[in-house]
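Below is one structure, written out as structure tokens; comments come after it.
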Amino acid sequence: MFRRLHEVARPVLRFRLDGEPVEGREGDSVAAALLALGRDACRETAVSGAARGGYCMMGVCFDCLVVIDGTGNRQACLVPLREGMSVETQHGRREPGR
Amino acid sequence: MSDEYDIVIIGAGPAGMSAATAAVAQGASVLLLDEGAGPGGQIYRAVTTTPLTDRAVLGPDYWKGAAIATAFAAAGATYQPGATVWHLDAERRVGFSVDGQARLVQAGQVVMATGAQERPFPVAGWTLPGVLSAGAAQTLLKAQGLAATGRVVLAGCGPLLWLFAAQSVAAGLPPSLILDTTPRSNWGRALPHLPSFLATPYARKGLALMARVRRAVPIVSGVTELAIEGEVHAERVVYRRGIRAPVTVPVDHVLLHQGVTPNLNLPAAAGCALDWNEAQACFQPRTDEWGATSLPGLFLAGDGAGIAGAETAASRGALAGLAAAAALGRLSETARDRLAAPMRARLTRQMRGRAFLDALYRPATAFRRAAEEALACRCEEVTGRMLRETAERLQVSGPNQMKTFLRCGMGPCQGRLCGLTVTEAIAQARGVSPVEVGYYRLRSPVKPLTVAEFASLPNTEEERLAVERG
């Protein structure tokens, strides 16, 4: 589990994770917000279906891919969290049309 | 934003910001594109926005980035954060996207300041949720003030491992255990460089930092084997020291690190020549004393041109910025050389001690070539065993041929997390040097691009007519 150090006081941002209402903080990347919620895995791989989460947090590993506002294969570590965003677990391959 | 700039700089770390500041001072129009949300790159990540106001946590070296960011902001270059650069070519066209909108700009000169990434650490279980790189944990600490809690094992080697451990101690959440994989045999090769290292300020700072960590965290050194186990999450670390019996430790998080290597994708796809750096066991684009690559008009500065650390990156960036401005005729070669002289003197000082760090922290070959059951290629899920068996049975000559058999390097990360592992595994199987094996052939676009994004490129009337029927 990742937790916020006590000196961090940033405004709350509400968003949806797999349809459930959850909260992050201003200044979070989507990947950081998921880790703060205890979500270490954010997708299932395209090859074996294994659970996977972000590894590098700097845009090189592509393991934090999620569906954001209906668009798949988004790098969660590079997308700033925004109020009202919809974030979904990415299951396997990117689906046609998303 | 315009369609043409004298100089386009890619990356807002110390090298990119310093290149921009130096080039603008010579009257050049400069566009700086960066994938991050704010200036700083990786080493000074979030230096203008970090929620960690207690400066003792991230330490004085991190805060040196604030002055570089301030100078960059004052210089007045056009700065585009959140920009993913996916194309660069020898004609100096730069393709990038911001919020799904693609653009092409023409640069008179280009300075790539694309930095480093952490070296892959392909041990069994490194793909399990709960396992991150130490650099990833450091990014979360700097940018969001997030820290891993519970039983956190930090494993590997290199200066960043110790720096992050010290920052975690200062934040009040030290790791539970450090597994040090620095090969003991490295000391023999590092010792001849020790006197020159001890003469640098890095030695005193480094030793003090390690002492702070040692007081707060148990450390097991001489670790030669490492594996992470768990069903759907990291649950245990199993390690060995030489011939001693394996030890199992329950964990909540594992943070891995074994040094950093240059980001190769953009320069290599543009066509820049690469060289093998044996001391650092990695490829790096070929550059001269100004950061000029093998292609005219394309410069590369900072750790992307060879690992030497944040302070040298700022100096190398400023030199590349001056050289790019001089190439455009903004200043004479004499003026360029005069301005460069103090920067070069500083760079020479900053480079002292590097040979010692390179020799001491060169990761063990076993940890560079992927364990039998480890996923060497995380995207296409190719193990170390599959690599070696295929290399031997099918006499695979290099990584590009390996792609056709195993698909390694063909997933979304485009070889970033397996390139060096695959090259070294093939070199081992063939009994030749990595130089002979070579690296993946990289091509544009260097970041995945949707068709919709590509179609969003502004078209000229001529381009529209070229594809119109009738």
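In what follows, chains are A, B, ... by sequence order, proteins preceding strands, each numbered from 1.
- For B/T149, the parts sitting under 4.5 Å from any heavy atom of chain A are the backbone and the side chain alike.
- For the pair B/Q80/B/D34, no side-chain contact is recorded, criterion being any heavy-atom separation below 4.5 Å from C-beta on.
- B/T383 contributes no side-chain N or O that, together with a main-chain N or O of B/L375, makes up a donor-acceptor pair within less than 3.5 Å.
- Counting heavy-atom pairs closer than 4.5 Å to chain A, the top residue among B/L256, B/L140, B/T49 is B/L140.
- Of the two parts of A/Q75, only the side chain, counted from C-beta on, holds a non-hydrogen atom closer than 4.5 Å to a non-hydrogen atom of chain B.
- Side-chain contact of B/E35 with B/T84: a donor-acceptor pair under 3.5 Å is present, judged by distance alone.
- With sequence neighbours left out, B/C377 forms a side chain to side chain contact (heavy atoms under 4.5 Å, CB included) with B/C379, B/E380, B/V382, B/C408, B/C418.
- A distance-only check finds no donor-acceptor pair linking the side chain of B/E453 to the backbone of B/G100 [under 3.5 Å].
- Looking at B/N265, neither its backbone nor its side chain comes within 4.5 Å of chain A, counting heavy atoms on both sides.
- For B/W126 and A/Y55, the gap between ring centers is short of 6.0 Å.
- By number of non-hydrogen pairs under 4.5 angstrom with chain A, the leading residue of B/A234, B/P129, B/A134 is B/P129.
- For chain A, the option among B/L255, B/T50, B/T127 with the highest count of heavy-atom pairs below 4.5 Å is B/T127.
- In terms of heavy-atom pairs under 4.5 Å with chain A, the best-connected choice from B/Q138, B/K447, B/R407 is B/K447.
- B/E229 places no side-chain N or O within 3.5 Å of a backbone atom of B/R236 that could act as its donor or acceptor partner.
- A side-chain donor from one of A/N73 and A/Q90 sits under 3.5 Å from a side-chain acceptor of the other.
- By number of non-hydrogen pairs under 4.5 angstrom with chain A, the leading residue of B/R378, B/Q117, B/R416 is B/R378.
- At a threshold of 4.5 Å between non-hydrogen side-chain atoms, the residues A/M85 and A/I68 count as touching.
- With hydrogens and angles disregarded, a donor-acceptor distance shorter than 3.5 Å links the side chain of A/R43 to the backbone of A/D63.
- Residues of residues 28-38 of chain A lying under 4.5 angstrom from chain B, judged on non-hydrogen atoms, are A/D28, A/S29, A/A32, A/L35, A/A36 in numerical order.
- Neither the backbone nor the side chain of B/L128 comes within less than 4.5 Å of any heavy atom in chain A.
- Panel note: side chain B/H253, backbone A/M1; a donor-acceptor pair is recorded below 3.5 Å.
- Ranking B/G150, B/G130, B/G82 against chain A, the residue ahead of the rest is B/G130, based on heavy-atom pairs under 4.5 Å.
- For B/A171, the parts lying near chain A are the backbone and the side chain together; criterion is any non-hydrogen pair under 4.5 Å.
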